[in-house]
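Letters A, B, ... are given to chains in the order of the sequence lines, protein chains preceding strands, and every chain is numbered from 1.
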There are 2 protein chains.
Amino acid sequence: MAERSRRRQGGRRTVSIRDVAEAAGVSVATVSRALSADSASFHIRPETRQHVLETSAALGYRPNDLARALLQQRTSVIGVVVPDISNPFYPDVVRGIEDVASAAGYRMILCNTDREPDRLNKYLETLVSSRVDGVLIAGGAADTPIDVDIFARYHTKVVVVGRHDVECPSVQLDNVAAGAAITAHLAGLGHRRIALIAGPEGSRTMRDRFEGYRTALREHGLPFDEALVGRGELDEAAGYRVAGELTTMDNPPTGIVTVNDRMAVGALAALHDQGIAVPHQVSVTGFDDVSFASYVRPKLTTVAVPTYRVGTTAAELLISSLRGEVERTTSEPVVLPTEVIIRDSCAPPPA
Amino acid sequence: MAERSRRRQGGRRTVSIRDVAEAAGVSVATVSRALSADSASFHIRPETRQHVLETSAALGYRPNDLARALLQQRTSVIGVVVPDISNPFYPDVVRGIEDVASAAGYRMILCNTDREPDRLNKYLETLVSSRVDGVLIAGGAADTPIDVDIFARYHTKVVVVGRHDVECPSVQLDNVAAGAAITAHLAGLGHRRIALIAGPEGSRTMRDRFEGYRTALREHGLPFDEALVGRGELDEAAGYRVAGELTTMDNPPTGIVTVNDRMAVGALAALHDQGIAVPHQVSVTGFDDVSFASYVRPKLTTVAVPTYRVGTTAAELLISSLRGEVERTTSEPVVLPTEVIIRDSCAPPPA
DNA sequence: TTGTAGGCGTTATCAT
DNA sequence: ATGATAACGCCTACAA
């Protein structure tokens, strides 16, 4: 029993439950009980408990969650995977996740994949090795097959945001319907040449919005014209560039549907710089209804998507899954509503 | 030795190194060696190694980082604390942190404090219990005394972003100088009544920008007028509201300095709605140079702050600290440069 | 009410 | 080159 002091030599060791026990003159079991959350209802003498608490505080003791997790087979950590936290869509989602996760006592490991399958897979492996209790895949994984078996083997619950083939609970936005609705708004105003500024093909969300655009065109008897769709990254610069190209073509569009608000703001800037009046000469729509959408001039007509609620809902789904409240079988996707917000950037086409 | 199958009863156990060892017909030590990163240089027969690798893969084995961390006294996890990831300043910072952290093999736990001391302290405790190797406090803690001793006791390295009294490496922006520079720009243009749309008092960053404003006023022989400063949250709505109040006062300002770009965009909108021309009648400046700053019209004159670099620099600081490459004593703060970006939202005051 | 001890899954040390 | 085994820090039957 003399080997206990083995490691005391180098840098001072971190204080462990045994140190508290020794200092308090009790056993480690007693310390554990005194510190345990429900120690009130436990068999422990109040004075003992008090004494242990004080000793623990005096020593600056912090329980080691690793040891606890190793024993209990649960870490109270969830992994959250997003394509890119810099994309203004995600901070709100992540914030929603964190709010409900932390309220439920979970910590959150954040991972950015940049939509690269390699990064995604590497992160998922890492998360399994971390023995996170659950993983929230919030986009960027639509085209990457995910090995659910490995999660099942390690009892890791999975929830995804967005449409995906993986068999697990999900929260989705009906981006097809939303894309159709905003396009239909322009068509309803009388526009017949409606352009689309689309995003990268790698994003399922953006593909769906694109598909909605085509659907609405069809439903309104409008032809799909390849020349009227431009692509780019999801930022202002791309919107600016593509809008500039659109306006200089023969027979330019009178309406421009955009796949997110940043691109829309870029488009607005391009139109402004060319002296084209919005909405009188050209109408523009955004997508997402980010905070500045109602502060640019003209105010942006766009579609509101409940980003924060996407996060909270997904986290709630995951947490009830962790509590075993969700069916093993894939439950129906939770589809959150979107809404076309009509502001000032659209009008009937010029006569 | 028959008690090995104890837990096999309930849900199937996760596969451990012992399962791999048994399946491969070797000892756990051999498996560990085969899987260890530098096993190439290790004493292990290539065929054995190969065999173990295959068995491991076949079983879907993933090493348990908890156990490893418990033993090695390091988790390869860092904690990142921000006031609010929804604030557009932080996603880029966090992205920078994650990029260098993940490249160095670290995972990241993200915490939002909303600048509430209670939340901050609770998170810091949690992080210590998680035994993260280091903590990056990226703002929101300026007025909360931080107990560095507890970090020291648990060998947790700390790096902060922003000015703070805590004794540890830090990366800072000279917000005072930046605030002075942008204000001086207006003063240099001939403005004599320069208003400030300030942020919450709880933010050190915002206080510093405010102080810079006062400094520039003084240096230019301009009086500080309490009536010319309005406060609000750091969003468009606040900028809109305060700008509206400013324009309706007697003897309104000819220049408006704003403490972040979102507020500036709000101010621009308010001015637009009142038919006040920017920059001809009133000049407006922003702060941060977020992506849309050059896409609103008029383009926003603002000060660029290297958000992404703030993140990478802080993470690099923390990681070299973890590697023991940084002095124990507080090193000099790393101050990153800011730059006034002159665009179209400022002009000399009307005659 | 309190103490003893086994084991969670690793890695590292010491044998062999 | 490989194997047995002792920690890492904690919780929880079980014993006292």
Open item on the list: Strictly below 4.0 Å: does B:Q73 bring a side-chain N or O up to OP1 or OP2 of C:dT11?
Closed with: no

Task: Distance, rounded to the nearest Å, where A:H51 contributes NE2 and C:dT2 contributes P - done: 11 Å

TODO: Would you tell me if any nitrogen or oxygen in the side chain of B:T30 comes within less than 4.0 Å of OP1 or OP2 on D:dG3?
DONE: yes

Task: Short side-chain N/O contact to D:dG3 OP1/OP2 from B:S27, under 4.0 Å - done: yes

Show me the donor-acceptor pairs within less than 3.5 Å that the side chains of residues 52-59 of chain A make with the rest of the protein, sequence neighbours left out.
residue : atom : partner : partner atom : Å
A:E54   : OE2  : A:Q50   : NE2          : 3.2
A:T55   : OG1  : A:H51   : O            : 2.6

- [ ] Could you state the atom-to-atom distance from CG of B:L70 to C1' of C:dT10 in whole Å?
- [x] 8 Å

TODO: Five pairs at each end of the helix from C:dT1-D:dA16 to C:dT16-D:dA1: take the axis at both ends and give me the angle between them to 10°.
DONE: 40°

Open item on the list: Does B:R74 reach a base, just sugar-phosphate, or nothing at all? Heavy atoms under 4.0 Å.
Closed with: nothing

Task: Distance in angstrom units between B:L66 CG and D:dG9 P, rounded - done: 15 Å

TODO: Quick one: list whatever passes side-chain hydrogen bond (donor to acceptor under 3.5 Å, both in side chains) with B:T156, sequence neighbours left out.
DONE: none

Open item on the list: Taking side-chain hydrogen bond (donor to acceptor under 3.5 Å, both in side chains) as the definition, give me every residue that meets it alongside B:R163, ordered by chain and number, with sequence neighbours left out.
Closed with: B:D208

TODO: Let me know the distance between CG of A:L35 and P of D:dC10, rounded to the nearest Å.
DONE: 9 Å

Task: Any side-chain heavy-atom pair of A:V77 and A:M108 under 4.5 Å - done: no

Open item on the list: Considering only residues two or more places apart or on different chains, which pairs with a residue in residues 136-150 of chain A satisfy side-chain hydrogen bond (donor to acceptor under 3.5 Å, both in side chains)?
Closed with: A:D143-A:R207

Open item on the list: Using modelled atom types and a 3.5 Å cut-off, is there a donor and acceptor pairing between side-chain atoms of A:S32 and backbone atoms of A:V28?
Closed with: no

Open item on the list: For nucleotides 11-16 of chain D, give me one character per nucleotide, 5' to 3': B if any protein heavy atom sits under 4.0 Å from the base, S if the only such contacts are to the sugar-phosphate, - if neither.
Closed with: BB----

TODO: Kindly write out the residues that satisfy salt bridge (Lys or Arg N to Asp or Glu O under 4.0 Å) with B:R131, not counting sequence neighbours, or none if the list is empty.
DONE: none

TODO: Rounded to the nearest angstrom, tell me the gap between atom CZ in B:R131 and atom P in D:dC8.
DONE: 14 Å

Task: For B:R74, side chain to side chain contact (heavy atoms under 4.5 Å, CB included) partners two or more places apart - done: B:Q72, B:S76, B:Y106, B:D133

Task: With B:S27 via side-chain hydrogen bond (donor to acceptor under 3.5 Å, both in side chains) - residues at least two apart - done: B:T30

Task: Separation of atom CG in B:N64 from atom P in C:dC8, rounded to whole Å - done: 12 Å

Task: Value in whole Å for how far the P atom of C:dT11 lies from CD1 of B:I44 - done: 13 Å

Task: Protein-nucleotide distance (A:Q50, atom CD; C:dT2, atom P), rounded to Å - done: 13 Å

